[in-house]
Asks: 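So that we are looking at the same thing, I have put the structure below in structure tokens.
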Amino acid sequence: MVSSGNTAVFDGPYDDPSGAAPDLADPAAFVEHDPYAYWDRMRRSEPVRWHPPVGGRPGFWAVARHRDVQNCYKDAARLSSARGTVLDVLLRGGDSAGGRMLAVMDRPRHRELRQVMLRAFSPRVLGHVENAVRRRADALVTAVVGAGEADAARDIAEHLPLNTVCDLLELPASDRPLLLDWNKRALSSESAEDDPFDALEARNEILSYFVDVVRERRRRPGEDVISMIAGARVGDEPMTEDDLALNCYSLILGGDESTRVTTIGALHALGTHEEQWRRLRTGGATVRTAVEEVLRWVTPAMHFARTATADLRIGPAEVSAGDIVTLWNISANNDPAVFARPRRFDVGREHNPHLALGHGPHFCLGAFLGRLELSAVLDSLVRRVHRIEILREPPRVYSNFLFGHSALHLRLD
Ligand code: HEM
């Protein structure tokens, strides 16, 4: 049993009374055990913990408290994103897209590119996407209601985020099945057996697809987002085709998996907390507060990471320039110093300053879109569904970065 209920159940090294730390770099530690009690202990006893080097692998800091995590997100001047923002990538030597892709860039170039990419999220562009998102979410939910057993991952969650980004980028419907397949292979983290070379190949397929699209839009610019970015200048120069492709891909990367697992997590949480589902369905709480609580409860990106560019103090720890610093959103979002009864799923929670979408200069670019997709699904559920019945305990995603379920068998009546 994992993260479904109000109580964390522990049965392994996370609960080791000797205090031995789990290897936060090892996905197995996250899949086999429920992490909440571990982070409770860390926030109390070692809120900024040094994980020493193992073998040839560098050591890293793990920051657990909400206040410290939030301050680190804000301190982009001393905590750089340019070498990479995921622990695994940093331990393997850094991100090859560093300095070229929005998420793994520092100021001043980050600020300039972000301004350009934010145009993709202007009300004019999003107004057009919003209707399509609501229609699609409703059609997906409607198809499952009363239809017997369904897999929320395959039948609902999988179709929404990628199609939304494709709408935003105006990619033809005929290309989408291929993109979905590549993207699943590129991000696949369902088991320890997944082949990293297959993932790399799929990523290269996506990038070369976008290089072709970028070339085409540069030749024949339209009103769409890719044409908009392709025509912009960053640092007084037009961006290269490769960098443009990388940043188009970053919208899929950022937008797909996180929204997908959060949608699955929303259905799981509502299906396992009947009283909260009743409360939402009968108007005792709003979809707006429920979306924020789902984001906090699921916290799909368990951590993000930075590299210190100067010596600095984080909470009680002295961090040196060059150190890797991991910021554990999953811990911050369950910090009782900020959230009353954090392991209570409360769809009406009003004070909810969660960090599921990050904070500061790198705050999620697609936050509006992610929230829109979640609220479209919840709106449709509230209108059309009486009972959410979870049929089996769902499998967890195999990752030390992404928290969630890769399948969810349920019945919607
Ligand atoms: C950044 C989470 C949806 C695109 C981030 C960050 C988080 C996050 C935590 C900050 C990373 C950091 O500080 O290093 C989520 C979650 C989502 C979601 C939980 C859905 C539930 C989306 C969507 C898109 C998107 C729908 C695009 C369509 C991005 C991009 C960045 C980002 C491009 C980098 C921003 C920057 O570095 O300036 N996201 N995201 N995200 N997200 Fe999202």
Side-chain angles (χ1 to χ4, degrees), residues 63 69-70 72-76 79-87 89-90 95 97-107 109-121 125-126 129-130 133 157 160-169 171 183 225-226 229 246-266 291-307 325-330 332-333 354-378 401-404:
V63 183
V69 171
Q70 186 166 342
C72 287
Y73 273 126
K74 278 197 270 193
D75 195 352
L79 290 166
S80 162
S81 294
R83 280 190 62 236
T85 56
V86 175
L87 177 59
V89 173
L90 285 167
D95 196 322
R100 299 166 57 207
M101 188 166 86
L102 184 72
V104 283
M105 231 181 222
D106 291 334
R107 286 172 191 184
R109 198 169 163 80
H110 172 260
R111 200 204 301 250
E112 287 178 34
L113 180 60
R114 193 170 160 104
Q115 283 307 321
V116 170
M117 292 188 67
L118 269 173
R119 288 186 218 151
F121 297 87
V125 177
L126 293 178
V129 174
E130 175 161 2
V133 170
L160 202 56
L162 193 86
N163 270 306
T164 304
V165 177
C166 288
D167 284 348
L168 191 73
L169 302 181
L171 301 175
N183 199 45
V225 167
I226 299 182
I229 306 175
L246 209 51
N247 282 289
C248 290
Y249 181 28
S250 82
L251 292 178
I252 290 191
L253 266 181
D256 184 44
E257 205 161 36
S258 50
T259 316
R260 180 146 44 95
V261 293
T262 314
T263 307
I264 300 168
V291 164
E292 296 311 309
E293 182 64 346
V294 161
L295 282 164
R296 184 191 74 84
W297 184 255
V298 179
T299 309
M302 278 191 279
H303 77 267
F304 270 102
R306 301 290 191 255
T307 304
V325 179
T326 53
L327 312 175
W328 290 87
N329 300 330
I330 184 173
N333 283 351
H354 65 74
L355 301 175
L357 296 161
H359 190 79
H362 287 273
F363 178 71
C364 178
L365 191 77
F368 176 90
L369 219 51
R371 285 174 164 138
L372 168 65
E373 290 171 60
L374 291 169
S375 86
V377 171
L378 294 195
F401 170 67
L402 198 70
F403 188 87

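Each ligand, and each atom within it, is numbered from 1 in the order the structure gives. What you see is a predicted model, and the numbers here were worked out from it, not measured in a lab.
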Asks: Which residues pass the side chain to side chain contact (heavy atoms under 4.5 Å, CB included) test with Arg111, sequence neighbours left out?
Replies: Arg107
Asks: In the protein, what heavy atom is nearest to atom 34 (C) of ligand 1, and what distance, to one decimal place, separates them?
Replies: Ala103 CB, 3.8 Å
Asks: Below 4.0 angstrom from a heavy atom of Leu295, which ligand 1 atoms are there? Numbered from 1 as shown, please.
Replies: 21 (C)
Asks: How many angstroms lie between atom CZ of Phe363 and atom CZ of Arg114, to the nearest 0.5 angstrom?
Replies: 8.0 Å
Asks: Could you check if a side-chain atom of Thr307 sits within less than 4.5 angstrom of a side-chain atom of Leu90, using non-hydrogen atoms only?
Replies: yes
Asks: Heavy atom under 4.0 Å from ligand 1: found in Leu168's side chain, backbone, both, or neither?
Replies: neither
Asks: Give the atoms of ligand 1, by number and element, whose distance to some non-hydrogen atom of Leu369 is under 4.0 Å.
Replies: 28 (C)
Asks: Do Ser80 and Asp106 have side-chain atoms, one donor and one acceptor, less than 3.5 Å apart?
Replies: yes
Asks: Which pairs with one or both residues in residues 366-377 pass side chain to side chain donor-acceptor pair (under 3.5 Å), sequence neighbours excluded?
Replies: Arg134-Ser375, Glu292-Arg371
Asks: Identify the heavy atoms of Gly265 and Val298 that sit nearest to each other, and give their distance.
Replies: CA-CG2, 3.8 Å
Asks: Say whether, by atom type as modelled, one donor and one acceptor occur between the side chain of Asn163 and the main chain of Val133 under 3.5 angstrom.
Replies: no
Asks: Would Thr262 count as being in polar contact with ligand 1, using the rule that some N or O on each side must be under 3.5 angstrom apart?
Replies: no
Asks: What residues form a side chain to side chain contact (heavy atoms under 4.5 Å, CB included) with Val104, not counting sequence neighbours?
Replies: Thr85, Asp95, Ala97, Met101
Asks: May I ask whether Thr299 has any heavy atom positioned less than 4.0 angstrom from an atom of ligand 1?
Replies: no
Asks: Looking only at distance, does Arg306 have an N or O less than 3.5 Å from an N or O of ligand 1?
Replies: yes
Asks: Within a distance under 4.0 Å of any heavy atom of Arg114, pick out the atoms of ligand 1 and give their elements.
Replies: 35 (C), 36 (C), 38 (O)
Asks: State whether the side chain of Asn329 and the backbone N or O of Gly358 hold a donor-acceptor pair below 3.5 Å, judged by distance alone.
Replies: no
Asks: Closer than 3.5 angstrom, by distance alone: can the side chain of Asn333 be matched with the main-chain N or O of Leu355 as a donor-acceptor pair?
Replies: yes
Asks: Which of the atoms of ligand 1 are close to Leu251, meaning less than 4.0 Å from one of its heavy atoms?
Replies: 27 (C), 28 (C)
Asks: Atom CE of Met117 and atom CG of Leu365: how far apart are they, to the nearest 0.5 Å?
Replies: 6.0 Å
Asks: How long is the gap from CG on Leu327 to NE2 on His359, to the nearest 0.5 Å?
Replies: 11.5 Å
Asks: Going by distance only, is there an N or O of Asn329 that falls short of 3.5 Å from an N or O of ligand 1?
Replies: no
Asks: Looking at His303 and Leu87, would you say the former's side chain and the latter's main chain have a donor-acceptor pair under 3.5 Å?
Replies: yes
Asks: Got the closest protein heavy atom to atom 2 (C) of ligand 1, with its distance?
Replies: Ala356 O, 3.4 Å
Asks: For His110 and ligand 1, answer yes if some heavy atom of the residue is under 4.0 Å from a ligand atom, otherwise no.
Replies: yes
Asks: Measure the spacing between CG of Leu118 and CG of Leu113 and express it to the nearest 0.5 Å.
Replies: 9.5 Å
Asks: Using a 4.0 Å cutoff against the non-hydrogen atoms of Tyr73, which atoms of ligand 1 qualify?
Replies: 13 (O)
Asks: When you look for heavy atoms under 4.0 Å from ligand 1, do you find them on the side chain of His362, its backbone, both, or neither?
Replies: both
Asks: Using a strict 4.0 Å cut-off to heavy atoms of Pro300, name the atoms of ligand 1 that fall inside it.
Replies: 19 (C)
Asks: Everything protein-side that's N, O or S and under 2.8 Å from atom 43 (Fe) of ligand 1: list it, residue and atom.
Replies: Cys364 SG
Asks: Hey, is ligand 1 close enough to Thr259 that some N/O pair sits below 3.5 Å?
Replies: no
